[in-house]
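Note sheet for the following structure.
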Amino acid sequence: MPDLLLELFSEEIPARMQAKAADDLRRMVTDKLVAEGLVYEGAKAFATPRRLALTVRGIPARQPDLKTERRGPKVGAPDAAVQGFLKATGLKSLDEAKIQKDAKGDFYIALIEKPGSAAIDVIAEILPVIIRTFPWPKSMRWGARSAKSGSLTWVRPLHAITATFGLETEEPDVVKFSVDGIEAGQTTYGHRFMAPGAISVRRFEDYEAKLKAAKVILDPQARKDIIVEDAKELAFAQGLELVEDQVLVDEVSGLVEWPVVMMGSFEKEFLSIPDEVIRATIRNNQKCFVVRDPKTGKLTNKFVLTANIEAPDGGKTIVAGNERVIRPRLSDAKFFYETDLKTRLEDRLPKFEQIVFHEKLGTQAERIKRIETLAAEIAPLVGADVEKTKRAARLAKADLLTEVVGEFPELQGLMGKYYALAQGEDASVAAASEEHWKPQGPTDRVPTDPVSVAVALADKLDTLIGFWAIDEKPTGSKDPYALRRAALGVIRLVLENNIPISLASILSLPLFVARNGFVSRQLKTAAESVVGAATSALLNAAPEDSSEIREGVGNVLGSAVDVLRVSEYSKISDVPTDDPMLKQAHARLDDLLTFFADRLKVQLRDQGARHDLVDAVFLLGGQDDLLLVVRRVEALGKFLDSDDGKNLLAGTKRASNILSIEEKKDKRTFDGAPDAGLYKLDEEKALAAAIDQVKAEASAAVAKEDFAAAMSAMAKLRPAVDAFFDKVKVNDDDPKVRENRLKLLNEIRAATRAVADFSRIEG
Amino acid sequence: MDALPDHMRPERSFQGFILALQRFWAERGCVILQPYDMEMGAGTFHPATTLRALGPKPWNAAYVQPSRRPKDGRYGENPNRMQHYYQFQVIMKPSPPNLQDLYLKSLAAIGIDSAIHDIRFVEDDWESPTLGAWGLGWECWCDGMEVSQFTYFQQVAGVECAPVAGELTYGLERLAMYVQGVDRVYDLNFNGREGAEKVTYGDVFLQAEQEYSRHNFEYADTTMLFEQFRMAEEACRKYLAAGWQESKSPGGNQKEHLMALPAYDQCIKASHVFNLLDARGVISVTERQSYIARVRDLAKACGEAWIHTETGRAV
């Protein structure tokens with residue numbers, strides 16, 4: 001079967017867009033082929049800086065024929081309707097139509113056979129549409145044609161289209177179409193500098209080979225392999241080691257069609273700058289790799305660059321040029337670093353008073369103050385020294401104002417640590433500068449030093465509570481303040497450090513701090529002026545002003561007075577519980593707790609925990625200690641893997657089922673303690689005794705947070721439950737006995753609730 | 001080019017370098033303009049780019065534009081940062097299909113041979129918040145150094161470009177330093193002569209850098225500048241309002257504008273005054289956005305006026 005070759009040749013495509021574009025091209029073309037009944041054997045797409053290419057193998061030469069029926073007018077319909085039907089279906093006369101009966105009468109039916117088109121014609125219709133609707137993140141117009149509306153847009157000017165279709169054994173045909181004046185053909189071009197001439201191509205195999213001869217490596221993976229292997233080898237030859245950097249490899253491979261890897265060097269004196277700063281300088285600005293000494297792990301004064309040409313001078317000019325660019329860059333970095341060292345971190349803090357964190361959440365200075373207060377509250381809970389924690393929180397963000405971080409934002413935190421150490425701060429205090437940002441994602445390392453943990457928790461909780469307080473929660477895919485990440489960070493900090501902490505209590509701390517922080521200044525000033533304006537508006541209101549306006553102004557005044565009133569309280573506990581602002585805050589706090597529960601569920605599920613077990617624990621209610629939830633889920637999982645667990649679950653389910661049927665029947669519940677006097681059988685008595693014992697043991701174990709023991713206690717329930725169902729008929733003829741037995745069943749359910757809501761567990 | 005005397009060769013002298021570029025683009029049909037006679041932050045502000053990029057009429061021009069970036073001053077102590085430097089600007093409307101090739105040939109004309117130098121087009125989406133303009137294109141790299149900006153304008157002064165213009169901006173000092181092989185801008189040979197006749201870039205500009213850095217950071221009269229900003233803004237609006245009139249051309253109750261250029265001068269003025277105030281550190285972060293928005297509003301109003309002038313409008 002024939003193959004399709006497609007190439008879209010343009011000016012330089014941004015490196016970061018190439019991989020997705022190749023994938024989009026493959027997906028769009030193959031989806032469309034399949035939709036047109038052309039099922040292919042295989043497809044692969046490629047990208048270089050100047051071209052997107054696609055090969056689709058094994059496409060049928062023709063579409064299958066299509067048979068469709070079309071319903072026409074009723075038999076005996078007016079002639080105009082009949083003529084319209086004949087015209088639309090291409091029938092010569094009604095003799096060619098069938099007659100079909102249905103409830104409404106007899107209708108003409110036309111059988112239309114549409115023979116499949118040649119695949120090449122279908123492709124010629126598909127491709128222009130795909131090109132015109134291609135989903136580039138940003139596309140542009142160009143040239144004389146852009147004077148008119150509707151001109152083609154592409155990521156950068158598109159110059160040529162190659163599209164051929166045919167069998168391996170034959171000369172393929174050009175797929176004939178044009179887009180905005182660009183005619184598809186079989187001519188492409190080689191490397192911009194080394195082989196710029198036109199190349200005539202037939203099909204994918206000779207296309208790829210001819211490009212290679214014209215100094216273009218089509219496959220991005222092949223370019224990446226060359227870059228990494230050559231870079232490693234260059235380093236190895238000098239007894240050094242490449243600092244591998246996948247993101248950089250991806251980017252650099254999208255900047256060259258013919259990678260040529262070379263090594264340059266810089267002055268040794270620059271090695272006095274921290275390694276990370278050297279790397280950021282060389283990587284971000286120059287897209288070059290750095291190299292380390294495998295013995296010390298420290299960077300050396302070498303770098304690896306990837307050029308796009310093989311130069312006749314062996315690349316000497318290129319290396320020298322890159323060295324000349326890197327030198328002043330490193331010189332700047334060194335200057336920034338040394339300048340930063342001259343100012344103590346705490347001396348930078350006043351500047352934060354000028355920097356707005358968020359217009360509704362005040363300045364960075366206010367935020368830092370809140371974090372400090374909150375971190376000090378958390379410190380004892382995580383075993384951190386309070387004074388060190390406060391100091392760490394105060395300094396943790398100070399490096400945001402340094403020159404190096406201004407230049408390389410990705411070094412935030414790390415530079416803070418270096419500067420803190422340089423000014424003689426305690427090691428934990430210094431480490432918190434870097435670590436309080438962590439964890440940044442599901443795979444990032446979680447800090448363990450108690451000081452870092454306290455500051456990291458305070459930082460994230462302040463963010464969460466702040467944005468919840470102003471009602472800026474994440475919605476759908478929108479999470480501009482990375483609040484999901486912050487919540488996950490809190491969860492991982494708590495779980496991985498085994499911090500027993502009640503979320504509800506920890507969240508009410510920042511609530512208090514955040515409210516005080518932001519009610520005190522901006523909001524208070526604003527509220528004061530609102531009160532002034534609204535009061536005078538009401539006083540000056542003319543009799544003819546509508547009552548709606550008066551009411552509106554009155555409402556505004558009321559809200560502003562609320563703000564001022566709350567701002568007068570020095571402690572949250574002084575605020576009356578029915579205060580509307582406090583009520584709203586509590587509602588938002590509850591919402592935030594739910595958000596945490598959801599994040600925890602996602603996290604546990606991602607780690608492979610059964611979602612039904614997570615629900616079974618959460619739905620007990622009042623589960624705001626993350627650590628306990630997780631331990632309980634773990635213990636529950638283990639228990640349910642055992643025979644005792646499985647049987648108890650089955651027994652509990654059976655009890656629940658019977659109960660729900662009987663509850664429905666009697667339209668009542670069977671709460672309340674069973675009456676021991678009504679037990680008739682030994683199995684009843686044994687079950688009642690077992691329940692009492694298990695309840696007491698399990699509750700005691702839960703109180704000690706020993707969930708394994710609680711589960712072992714549960715296991716003791718199993719034989720009694722089994723025996724009960726074996727020997728006892730629940731629906732006894734005596735209604736009193738029946739009621740008592742149903743109450744006993746309810747007690748099983750109640751007993752198991754000491755560890756989980758078994759009704760939520762599947763299986 | 002071989003007939004050039006040594007001191008005029010682009011590798012030898014800064015002025016020869018500029019002349020080579022001018023000659024190259026003159027030969028490609030560009031009008032060679034002289035710098036605009038106002039202070040501005042970039043060659044893009046020149047009305048030959050900002051305004052001429054708008055409207056359907058073809059326009060090809062090239063010129064040197066002294067660019068003032070008050071904040072970039074370093075008292076003459078940084079090897080390549082200055083508050084005043086030169087940009088060489090090329091604008092071609094509509095963008096010709098071979099603009100990249102023309103650009104590479106222009107590099108060859110100033111001594112950069114793409115057979116031994118690694119020339120790269122690296123993504124750079126250009127946006128000027130003060131001009132209400134954006135375009136797509138690249139930073140052009142030579143051996144890892146950014147030497148030019150290459151942009152296909154999509155929108156300028158809030159108006160869609162139809163057709164699109166291609167804009168090239170060369171950082172002249174940086175390129176010349178590379179070609180001459182000097183590490184400090186002040187060491188550039190300006191006139192291509194040697195010995196007693198030699199004039200360096202430092203001879204011409206070092207004192208100016210020192211004096212203007214002092215001025216920009218320490219002494220620029222902020223009371224006056226705030227007032228000037230306000231006045232420029234007001235004058236721009238006044239001229240724009242006065243310039244509108246009903247078209248006298250046949251078939252028209254269309255409006256036309258008779259004073260877009262003088263109004264735009266005031267927009268340029270406001271932009272530069274803002275840059276000076278910014279360098280003096282008297283504009284807070286939040287105010288900054290509002291100043292930028294005020295200049296952008298002027299630029300947009302000027303663009304709107306321009307496309308209703310004789311040169312700017314359709315047909």
Side-chain angles (χ1 to χ4, degrees), chain A residues 11-17 49-50 138-149 151 155-157 159 192-194 196 254-256 260 262 264 285-288 305-309 311-313 315-329 331-332 335 354-356 359, chain B residues 55-58 78-81 92-101 104 112-125 134-138 140-147 150-155 160-166 174 177-178 181-184 284-286 314:
Chain A
E11 297 179 11
E12 275 75 356
I13 306 167
R16 67 188 169 93
M17 300 179 189
R50 295 172 82 200
K138 251 188 194 172
S139 54
M140 54 163 278
R141 300 168 295 119
W142 67 92
R145 283 178 179 264
S146 59
K148 296 204 182 72
S149 65
S151 66
V155 63
R156 294 294 184 272
H159 282 283
R192 183 187 278 290
F193 301 108
M194 291 193 288
L255 290 172
V256 293
V260 178
M262 290 178 278
N285 295 322
Q286 302 307 133
K287 320 257 183 246
C288 292
L305 68 96
T306 313
N308 189 31
I309 58 165
D313 65 353
K316 245 193 254 161
T317 311
I318 295 172
V319 171
N322 275 275
E323 287 174 343
R324 276 189 59 195
V325 187
I326 277 179
R327 203 173 301 134
R329 294 274 194 191
S331 173
D332 277 352
F335 176 76
Q354 312 300 320
I355 299 172
V356 176
E359 57 174 330
Chain B
K57 293 185 179 117
N78 186 289
N80 51 23
R81 276 217 188 188
M92 301 190 96
K93 180 178 76 174
S95 63
N98 59 342
L99 189 55
Q100 279 188 311
D101 285 338
L104 293 170
I112 296 182
D113 175 5
S114 58
I116 59 164
H117 290 283
D118 186 27
I119 313 289
R120 227 76 79 65
F121 293 92
V122 180
E123 176 190 14
D124 190 37
D125 297 349
W134 71 277
L136 296 186
W138 309 274
C140 306
W141 284 24
C142 173
D143 301 332
M145 177 173 64
E146 184 194 341
V147 292
F150 189 131
T151 308
Y152 292 102
F153 282 150
Q154 303 294 301
Q155 193 187 72
E160 288 290 305
C161 298
V164 162
R174 199 188 279 202
M177 282 163 72
Y178 198 60
V182 301
D183 288 330
R184 197 172 155 264
S284 76
V285 185
T286 32

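Because the structure is predicted, anything quoted here is derived from the model rather than measured. Reminder, nothing fancy here: chain letters follow the sequence lines and each chain counts from 1.
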Per-residue contact mode, B/F153 against chain A (heavy atom under 4.5 angstrom) =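 Nothing of B/F153, per the 4.5 Å heavy-atom cut-off to chain A.
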Under a 4.5 Å heavy-atom cut-off, does chain A meet the side chain of B/L99, its backbone, both or neither?
-> neither
Rounded to the nearest 0.5 Å, what's the gap from [atom1] on [X] to [atom2] on [Y]? Could you check?
X: B/I119; Y: B/D143; atom1: CD1; atom2: CG; answer: 6.5 Å
X: B/I112; Y: A/T317; atom1: CD1; atom2: OG1; answer: 11.5 Å
X: A/I326; Y: A/N285; atom1: CD1; atom2: CG; answer: 9.0 Å

Which one wins on heavy-atom pair count under 4.5 Å against chain B: [options]?
options: A/G321, A/G254, A/S331, A/G315; answer: A/G321
options: A/I318, A/V325, A/L305; answer: A/I318
options: A/M194, A/Q286, A/K148; answer: A/Q286
options: A/R329, A/E323, A/R141, A/H159; answer: A/R141

Could you have a look at [options] and say which one has the most heavy-atom pairs with chain A under 4.5 angstrom?
options: B/H117, B/E160, B/Q154; result: B/Q154
options: B/V122, B/D183, B/N78; result: B/D183
options: B/G135, B/P79, B/C161, B/P96; result: B/C161

Check against side-chain contact (heavy atoms from CB on, under 4.5 Å), A/I13 and A/R156 | CA-CA 7 Å; A/I13 306 167; A/R156 294 294 184 272; 5.9 Å; no
Where the side chain of B/S95 meets the backbone of A/G143, is there a donor-acceptor pair that is under 3.5 Å apart?
-> yes
Please determine which of B/R120, B/Q100, B/E123 meets the side chain to side chain contact (heavy atoms under 4.5 Å, CB included) test together with A/E12.
-> B/Q100
Cationic N near anionic O, under 4.0 Å, B/D118 to A/R192 =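 Judged by the 4.0 Å cut-off on N to carboxylate O distance, B/D118 and A/R192 do not form a salt bridge.
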[X] versus chain B, the contacting section by heavy-atom distance below 4.5 Å:
X: A/R145; result: neither
X: A/V155; result: backbone
X: A/S139; result: backbone

Smallest heavy-atom separation, A/N322 atom then A/C288 atom, equals OD1-SG, 4.4 Å
